[in-house]
Amino acid sequence: MNRQWKSSLSRQFVWFMSGFLLLILIAAAGLGLYSQSIEAKYEEKVVDLRQKQQYAVELEDSLNDMFFEARGYLGFRIDEPFLRNYVTQKNMIANKIKQLEPELESREEKEYISDLQGELVNYYNLFEDAKVQVASDNTEGLQKLSQDQGGSNLVYDLRDQTRDLVSDVENEISTTEQDLVDRLSNLQMFFVSFVIFLLLIATILAGIMARRIGKPLQELALASSQVSSGENVEMPHVRRSDELGELARSFNLMVKNIQQNERALITSNDALVEQSEELKGSKFTLEQNVKAMNVQKKVLEHRNELNRSLASTLTKSELLQSIITNMIHILNSDKGIIVMLNQGKDYASLGVSQEKVHEWIDHLLDGPGVKAIEQKKFHIVQRQASIGEAGYHGVEEISNDIYIPVLSDNEPVALLCITRIGGEFTTDEVTELSDLSRQISLALDKLRLYETTENERQINREILNTIREGIQLVDREGTTRAVNDQMCTMLDACFPDGANEKPFTEWSSKFLMQVDLNDRDAVNSYVHDVIAGVKPKQSELIYQTKTEPSLFIQMYYEHLYTDGKFIGSIFVHRDITREHEVDEMKNEFVSTVSHELRTPLSSVLGFTELMLSKELKPEKQKKYLNTIYKEAKRLTSLINDFLDIQRMEAGKQNYDKTRINLKEMIEEVLDNYRDHSKLHSFTIEDLADKHEIIGDGDKIKQVFNNFVSNAVKYSPEGGTVLTRFRAENDQLYVDIRDEGLGIPQDALTKLFTKFFRVDNSDRRQIGGTGLGLAISKEIMTAHNGDVLVTSELGKGSTFTLVFPLGIEKQSVDSKSGELQDSGVLIVEDDESLALLLMEEITGNGFAVRHCRSGEEAIELLEQMTPEGIVLDIMLDGLMSGWDVLKTVKETERTKNIPIFVSTVSEEKQRGFELGAKDYLIKPYPPKNLTKSLIKSLVDKNNNGKILVPDYSFEEKEEGLSD
């Protein structure tokens with residue numbers, strides 16, 4: 001082992017790398033030490049030069065400061081602070097020179113210091129002479145001293161010498177640093193050269209090692225290649241003692257073992273080949289079985305999905321779509337359709353365009369499906385595939401259509417059509433399809449039953465919600481089972497999550513919080529007794545709510561029984577606030593009428609009795625008779641008010657309408673009040689140019705009298721009663737304003753209610769029955785007008801009477817051959833159906849115009865305004881019926897025209913959302929159209945009702961729906 005290690009390639013490589021690394025380390029260490037010594041030497045020298053530079057700069061600064069202080073002293077001739085600072089700087093210059101002298105090495109620098117000191121001595125002596133001249137205030141002596149002895153030149157020489165010294169030191173520093181940079185650059189060049197030398201040595205040694213290792217490896221690789229080719233070769237280098245020899249010996253041994261095993265492998269290979277052939281056959285069979293299983297798996301998945309839909313889907317469109325989709329996958333077909341044989345022709349399809357679907361449904365009774373429907377069994381049709389079905393193959397294909405009727409009680413309720421392109425339906429598939437049709441029939445029966453039940457439930461709920469009373473159903477435990485909308489809005493007794501089936505403790509606490517505190521205990525006891533099945537002391541209970549405004553509710557109940565067993569109760573909450581208010585007003589009215597009737601009647605009886613029992617002078621008799629006449633007129637007016645309000649409520653009030661001038665009428669009314677009311681002034685402000693309306697003069701005058709009378713009556717302190725005329729938007733506004741008591745805001749909404757009077761002590765002293773405003777409101781409404789009121793308590797009120805000014809409307813002349821504002825427009829591309837509809841409509845007295853396309857319909861509507869439009873959805877041209885419907889509803893002139901959709905398309909909801917008046921699905925009897933048309937044209941208030949959630953004219957909905 002030791003001998004092998006000594007001769008091994010690893011040992012040779014280790015010695016080679018170790019020597020190479022050692023040489024690199026020695027060279028790097030030597031260069032590093034040399035570089036460090038050079039840097040230390042130059043760093044010390046630079047530090048000394050920096051110190052010398054600092055002393056020279058400080059000396060220069062001190063000289064400049066000294067010259068500045070001396071000039072200050074000579075210029076200003078004061079000792080402080082210039083002379084003191086001069087002495088300080090002089091001493092500092094001496095110290096700086098002492099510090100600088102040890103740092104000077106060259107002869108030139110030392111001579112400079114010596115010259116500098118001599119010049120300074122001359123300057124100091126010159127300054128002492130100048131001080132004498134300053135002391136004697138001899139300016140001319142100073143000037144002469146400066147000129148004769150060169151004082152200024154001496155200063156400049158000293159400054160220049162100092163600057164030269166600083167400059168010499170800086171140059172010396174720069175030279176030293178550059179010298180250091182040059183030495184380091186030379187050292188780097190040497191190091192790079194050394195590295196290149198080492199790399200060259202390493203390359204030579206690597207070549208030697210490669211020759212010693214690479215060539216034997218190449219020979220071994222050649223021998224291995226020959227062995228792999230089946231040749232008998234003796235391995236080279238088996239006698240070497242290094243790793244290559246070990247490799248050669250191992251490889252030689254491996255070759256011998258391989259040759260021995262090769263013969264055994266050849267023998268077993270023949271057996272493996274035979275087994276491989278057998279496995280290939282088994283693999284093909286297995287793959288075919290897997291493919292069949294995958295197909296069967298998908299079929300089972302779709303069958304399970306179909307069964308799930310048939311069992312759980314309760315939406316017709318979803319159920320039909322699931323049936324056709326899964327049936328096509330189960331039968332491995334290409335496309336299909338299922339259609340209900342009801343009036344709506346509900347359908348679902350897969351792989352068929354909507355245009356073809358509608359065409360197929362339109363001709364359902366003319367196609368091969370009729371045979372399946374009549375015979376109540378399947379019918380298969382073979383036909384040549386269409387171009388679209390054959391696709392890009394360009395060969396003649398055969399398509400097979402199978403029609404399967406879906407029977408319920410042995411009557412067809414739906415028809416299923418499935419198409420397979422290029423393949424026939426097998427007997428098993430037909431049998432399977434027939435079985436599935438029976439399951440589909442059961443699912444459709446269940447769906448019809450569910451829809452019927454759901455419709456009945458919805459109808460019951462709608463009926464419950466239309467009841468004005470609040471209805472609440474609770475079981476015997478007190479849990480709420482149902483409430484109607486009126487209960488939610490009236491008492492705010494519903495929950496925001498929409499789930500109103502709540503236990504008693506939860507809903508009762510919310511309900512009782514809406515009850516007034518004084519009635520809460522009685523209501524709580526009443527509810528507990530009813531839920532417990534106990535008959536309360538009183539069958540009905542009246543309570544007041546805490547809501548704003550407060551309501552009066554009459555509450556009663558009914559117990560529910562099934563087979564004699566108590567199962568729950570129904571609470572009914574009836575809003576009797578109006579009845580309560582009417583009772584209150586009636587009581588108030590009785591009190592008021594008693595006063596209003598008794599007072600004038602007492603005067604009449606009293607003065608009559610007085611005249612009968614005594615002999616009176618003629619002037620007194622006349623005075624008493626005038627009083628009796630005045631009180632009798634007051635009674636007559638009161639009785640007339642009662643009769644007017646009764647006739648108006650019964651709808652028996654007649655109006656004799658003629659052309660009247662409101663300004664002349666109001667002036668006549670105001671003239672009467674000017675004679676009797678001395679505290680008030682009556683003025684008219686006219687801002688209108690028209691004052692004539694059509695109306696009943698007596699009734700309008702009665703309205704003016706009522707409002708002027710109230711203005712006078714409710715301003716007992718007097719003031720101005722202003723009547724203003726103004727015209728806006730074809731309406732005449734008459735404002736009657738007073739400066740009286742005003743009306744509280746909470747009373748404004750009840751102001752025009754009969755018998756209502758504001759509850760105020762100030763007004764109790766003012767007579768009245770509370771009928772005048774109610775009568776005036778009814779009269780204005782009968783004249784297509786209105787009454788508006790604004791008031792501020794304590795500052796007066798303004799009543800505004802609104803009269804329409806549009807007395808006559810100019811009729812639009814009809815052009816010859818056109819329908820201007822009458823008749824019916826039929827938009828239908830089927831000439832036969834259009835002719836049938838035209839005969840039916842004209843037979844009922846309507847003029848008719850017909851067109852085939854949407855474009856022609858829009859063009860006609862620009863020239864005419866029909867009373868109704870009969871519209872088909874599938875039309876000639878580029879525009880569909882939906883486009884025509886949208887355009888009509890977006891146009892201001894035509895948006896209120898009733899539209900009757902006549903089509904085979906089962907999209908009722910879309911038609912109604914776009915504003916259709918009725919939706920008639922073909923085929924239908926024409927008389928149904930005329931009935932709907934006549935009903936709509938007679939009831940003009942129904943025109944233009946529209947609900948549009950998805951289109952641009954949605955913003956007009958509010959204006960159209962009133």
Side-chain angles (χ1 to χ4, degrees), residues 311-315 446-580:
S312 61
T313 303
L314 296 176
T315 303
K446 182 185 69 174
L447 181 61
R448 282 194 298 273
L449 179 61
Y450 169 77
E451 288 179 341
T452 302
T453 304
E454 185 65 17
N455 288 335
E456 291 176 354
R457 187 188 70 82
Q458 187 64 29
I459 291 173
N460 292 333
R461 180 169 184 83
E462 292 297 329
I463 292 174
L464 195 63
N465 286 333
T466 56
I467 298 175
R468 296 184 178 180
E469 287 79 11
I471 306 296
Q472 181 185 20
L473 173 63
V474 298
D475 59 20
R476 58 185 302 172
E477 282 76 28
T479 301
T480 301
R481 294 303 177 188
V483 293
N484 67 345
D485 292 344
Q486 184 65 18
M487 182 74 177
C488 297
T489 56
M490 182 171 64
L491 296 175
D492 191 21
C494 295
F495 291 83
D497 57 2
N500 290 310
E501 293 190 6
K502 302 290 184 179
F504 173 76
T505 55
E506 190 170 348
W507 70 260
S508 63
S509 60
K510 182 176 178 64
F511 163 66
L512 290 174
M513 289 301 295
Q514 309 299 320
V515 180
D516 187 82
L517 189 61
N518 296 327
D519 299 330
R520 193 171 297 172
D521 291 339
V523 172
N524 188 28
S525 176
Y526 184 88
V527 171
H528 275 85
D529 289 345
V530 172
I531 291 176
V534 178
K535 185 177 182 180
K537 296 180 181 179
Q538 48 185 348
S539 60
E540 297 179 354
L541 181 68
I542 297 177
Y543 63 88
Q544 187 176 359
T545 68
K546 290 177 60 179
T547 58
E548 289 293 337
S550 179
L551 302 176
F552 289 89
I553 306 298
Q554 180 187 38
M555 182 179 181
Y556 59 94
Y557 74 96
E558 287 293 339
H559 283 151
L560 302 177
Y561 296 89
T562 298
D563 297 332
K565 182 180 179 181
F566 174 64
I567 61 171
S569 306
I570 293 179
F571 289 102
V572 181
H573 303 259
R574 189 170 73 88
D575 184 0
I576 61 170
T577 305
R578 180 60 181 165
E579 291 89 333
H580 179 81

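Predicted model only: the values in this text are computed from it and were never measured.
Between the side chain of S525 and the backbone N or O of A522, no donor-acceptor pair lies under 3.5 Å. S550 contributes no side-chain N or O that, together with a main-chain N or O of K546, makes up a donor-acceptor pair within less than 3.5 Å. No side-chain donor-acceptor contact under 3.5 Å links N484 to the backbone of G470. Here the side chain of Y526 pairs a donor or acceptor atom with the backbone of S539 at under 3.5 angstrom. Between the side chain of T545 and the backbone N or O of Q514, no donor-acceptor pair lies under 3.5 Å.
For the pair L512/V523, a side-chain contact is recorded, criterion being any heavy-atom separation below 4.5 Å from C-beta on. By the 4.5 Å heavy-atom criterion applied to side chains, E540 and Q554 are counted as neighbours. Counting heavy atoms from C-beta on, the side chains of H528 and F504 come closer than 4.5 Å. In this structure, V515 and N524 have side chains that are not in contact, with every pair of non-hydrogen atoms separated by 4.5 Å or more. Counting only heavy atoms from C-beta outward, the side chains of V530 and H559 approach each other to under 4.5 Å. Annotation: side chain of I570 is in contact with side chain of I471 (closest heavy-atom distance under 4.5 Å). A 4.5 Å side-chain heavy-atom check between F571 and V474 finds at least one atom pair inside the cut-off. Looking at M555 and Q472, their side chains never come closer than 4.5 Å, going by heavy atoms from C-beta outward.
The ring of H573 has its center no closer than 6.0 angstrom to the ring center of Y557.
Between G478 and W507 the shortest heavy-atom distance is O-NE1, 2.6 Å. Contact detail for F552 and D575: the closest heavy-atom pair is O-OD1, 3.4 Å.
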Derivation and outcome, salt bridge (Lys or Arg N to Asp or Glu O under 4.0 Å), residues R481 and D475:
CA-CA 7 Å; R481 294 303 177 188; D475 59 20; 2.9 Å; yes
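Within 6.0 Å of the CD atom in E558, the count of heavy atoms belonging to other residues, nucleotides or ligands does not exceed 12.
If you take CG on D519 and CD1 on I542, they are separated by 10.0 Å, rounding to the nearest 0.5 Å. For the atom pair CD1 of I576 and CZ of R578, the computed distance is 13.5 Å after rounding to the nearest 0.5 Å. Interatomic distance, I567 CD1 to L560 CG, rounded to the nearest 0.5 Å: 5.0 Å.
The residues R574 and E579 are annotated as salt-bridged, a charged nitrogen and a carboxylate oxygen being separated by less than 4.0 angstrom.
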